[in-house]
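Data first, discussion second: the structure below is written as structure tokens.
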2 protein chains.
Amino acid sequence: MKTMSEEISNCNHKDHDKNSYCVSIVPIFNHLDAAELKEIVRTARSVSYPRGQMIYRPGELSDGLYIVHKGSLRIFRESSGGKEQLVRILGPGEFSGESALFNESVHDAYAEALEPLELCMIGRESMQTFLLKYPQIALKMLAEFSSRLATSEEQAARIAMETVETRVALYLAGQVEAWKNTCIKLPMRRKDLASHLGTTPETISRKLADFEAAGWIRQTGQRDIEVIDLDALLLV
Amino acid sequence: MKTMSEEISNCNHKDHDKNSYCVSIVPIFNHLDAAELKEIVRTARSVSYPRGQMIYRPGELSDGLYIVHKGSLRIFRESSGGKEQLVRILGPGEFSGESALFNESVHDAYAEALEPLELCMIGRESMQTFLLKYPQIALKMLAEFSSRLATSEEQAARIAMETVETRVALYLAGQVEAWKNTCIKLPMRRKDLASHLGTTPETISRKLADFEAAGWIRQTGQRDIEVIDLDALLLV
DNA sequence: TCGAGTCCTTGATGCCGCTCAAGTTTCGAT
DNA sequence: ATCGAAACTTGAGCGGCATCAAGGACTCGA
């Protein structure tokens, strides 16, 4: 394979130790065989961002699909009044930029690097080609979208109908499930958690303090929480 | 084509006058040629519901994809406390049931007929087959999902960050755009509009009354509103 | 290791919007 | 056309939560 260096120049995200391409960790691609993966990798570009830098902003033209290789980023929206709402945090293997891929070609949210970040970028046209050539990719992407849609609608419903207390409790329950452990580490600061749950950092602090006073949780570090009584929490 | 009666028995939604199948009005299918359409129609089943009847409920197994042929239905979720939030209203040509198609096989919301309703149903397996056979369908569906996702995230952000007044104003602005006219007809009752915007019917009434008092709108009928000063409305 | 900046906590205050209630209008079925 | 039920409006009261403010804790880079 003389293309080794070529791959590197296009997308240097080949993990030499694990012999895997950046895209191979992505669920929507991981059913492809090595040759197909390489075809995709060849069209991918690699980009790095320092902590805090914006990857894109609302109104900017879309380049294509962004796949996180290392680090993490947050997607957020901004209201007329300047408040922001965190939509989602992306870790390795997750992707973004899709809204601009299929409909309008401009982004509708902000994407900001939370840590030193490495992305793989697949151009709009390449992506369309792959989707037609390998319909399985489209199917996986449909599944992913469908899942995101369900999450987003559930989120909207929660913010619309539940009290802040319930939302915080439900979030903690979700984290316990995600970590498969009653000791959880919040993946973001209060400010982002607040904007995600549609409240303020102050209220988050207060509610967590209330839960602790009730003996349902224990706050060990700023972002470390041990859930003691999950059932009580969900009865709020 | 001896299949005429067969089509009818499977899906009686052939509009004799317009020579179009129920599925041909659906954006995700309307690029197919007649033969392909017929192939899909053949696998579709037709179902009717009287006003007020539930098409599905959360937890029920998914049958497949529901396509609205005549009438309309509303999708809504229910909170622990029994409050409901309207997610979306579907009219002819729109579809639902997708969340159950790709991920879990159970529904996560309610679907209820708002008027006498006729649906086309395409089974889960058939749908998967079509998606692989005609990747263009998958691409259109991805575009539709992506658009719904953007809408849903925007909705969540609005409920989380904007005041009720702003949300009502933005909703009216959206309707003006949808109707391409400053005289609009609300597509739902106060109760549903309220649950859609994350508020109560009383508050909707009050805000509309405020807007009218300010001279920005005129309420001509219960659901008929004339927007007089759109700019002022958006400055709220 | 240290210091500055950021993040978090806790308190006091005020208001937006929900709730409950009662009266009025509209809708839809017979 | 008429009646009953459902939907809408308006009012009064209150509570949850945002806001503003100040002090304390943590983090990260030098």
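In what follows, every chain begins at residue 1, and chains take the letters A, B, ... in the order their sequences are listed. These numbers come from the heavy atoms of this one structure, side chains and all, not from hydrogens, waters or symmetry mates.
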Protein-nucleotides 9-11 of chain C N/O pairs under 3.5 Å:
unit_1: C/dT9; atom_1: OP1; unit_2: A/Arg190; atom_2: NH2; d: 3.3
unit_1: C/dT9; atom_1: OP2; unit_2: A/Arg190; atom_2: NE; d: 2.7
unit_1: C/dT9; atom_1: OP2; unit_2: A/Ser205; atom_2: OG; d: 2.3
unit_1: C/dT9; atom_1: O5'; unit_2: A/Ser205; atom_2: OG; d: 3.3
unit_1: C/dG11; atom_1: N7; unit_2: A/Arg206; atom_2: NH1; d: 2.9
unit_1: C/dG11; atom_1: O6; unit_2: A/Arg206; atom_2: NH2; d: 3.2

Suppose we screen for side-chain contact (heavy atoms from CB on, under 4.5 Å). Which residues come up paired with A/Glu115, at least two apart in sequence or across chains? A/Ser72
A/Ser62 meets the side-chain contact (heavy atoms from CB on, under 4.5 Å) criterion, sequence neighbours left out, with A/Ala100, A/His107, A/Arg124
Could you give the distance from [atom1] ([X]) to [atom2] ([Y]), rounded to the nearest 0.5 Å?
{"X": "B/Ser96", "Y": "B/Ile89", "atom1": "OG", "atom2": "CD1", "result": "13.0 Å"}
{"X": "B/Glu226", "Y": "B/Ile184", "atom1": "CD", "atom2": "CD1", "result": "10.0 Å"}
{"X": "B/Leu208", "Y": "B/Leu172", "atom1": "CG", "atom2": "CG", "result": "6.0 Å"}
{"X": "A/Ile25", "Y": "A/Glu94", "atom1": "CD1", "atom2": "CD", "result": "10.0 Å"}
{"X": "B/Ser79", "Y": "A/Glu162", "atom1": "OG", "atom2": "CD", "result": "4.5 Å"}

Using 4.0 Å as the upper bound for N to carboxylate O, is an ion pair formed by A/Arg148 and B/Glu153? no
So, are A/Glu154 and A/Arg158 salt-bridged, with charged N and O less than 4.0 Å apart? yes
Length of the line joining [X]:[atom1] and [N]:[atom2], which is rounded to integer Å:
{"X": "A/Met188", "N": "C/dC7", "atom1": "CE", "atom2": "C1'", "value": "15 Å"}
{"X": "A/Asp224", "N": "C/dC8", "atom1": "CG", "atom2": "P", "value": "12 Å"}
{"X": "B/Glu115", "N": "C/dA29", "atom1": "CD", "atom2": "P", "value": "12 Å"}
{"X": "B/Met161", "N": "C/dG17", "atom1": "CE", "atom2": "C1'", "value": "19 Å"}
{"X": "B/Asp210", "N": "C/dC16", "atom1": "CG", "atom2": "P", "value": "11 Å"}

DNA chain D: 5'-most and 3'-most nucleotides touching chain B, 4.0 angstrom heavy-atom criterion: D/dA7 to D/dA12
Examine C/dC18: is either OP1 or OP2 under 4.0 Å from a nitrogen or oxygen in the side chain of B/Thr200? Give yes or no. yes
Overall bend - the helix from C/dT1-D/dA30 to C/dT30-D/dA1, comparing terminal axes fitted on five pairs, nearest 10 degrees: 70°
Which class fits the ring pair B/Tyr171 and B/His196: parallel under 30°, tilted 30 to 60°, perpendicular over 60°? perpendicular
Taking side-chain hydrogen bond (donor to acceptor under 3.5 Å, both in side chains) as the cut-off, I'd like each qualifying pair that reaches into residues 176-190 of chain B, sequence neighbours left out, listed once. B/Gln175-B/Trp179, B/Lys185-B/Asp224, B/Arg189-B/Asp192
Under 4.0 Å, heavy atoms only, any strand: does A/Arg223 hit a base, just the sugar-phosphate, or nothing? nothing
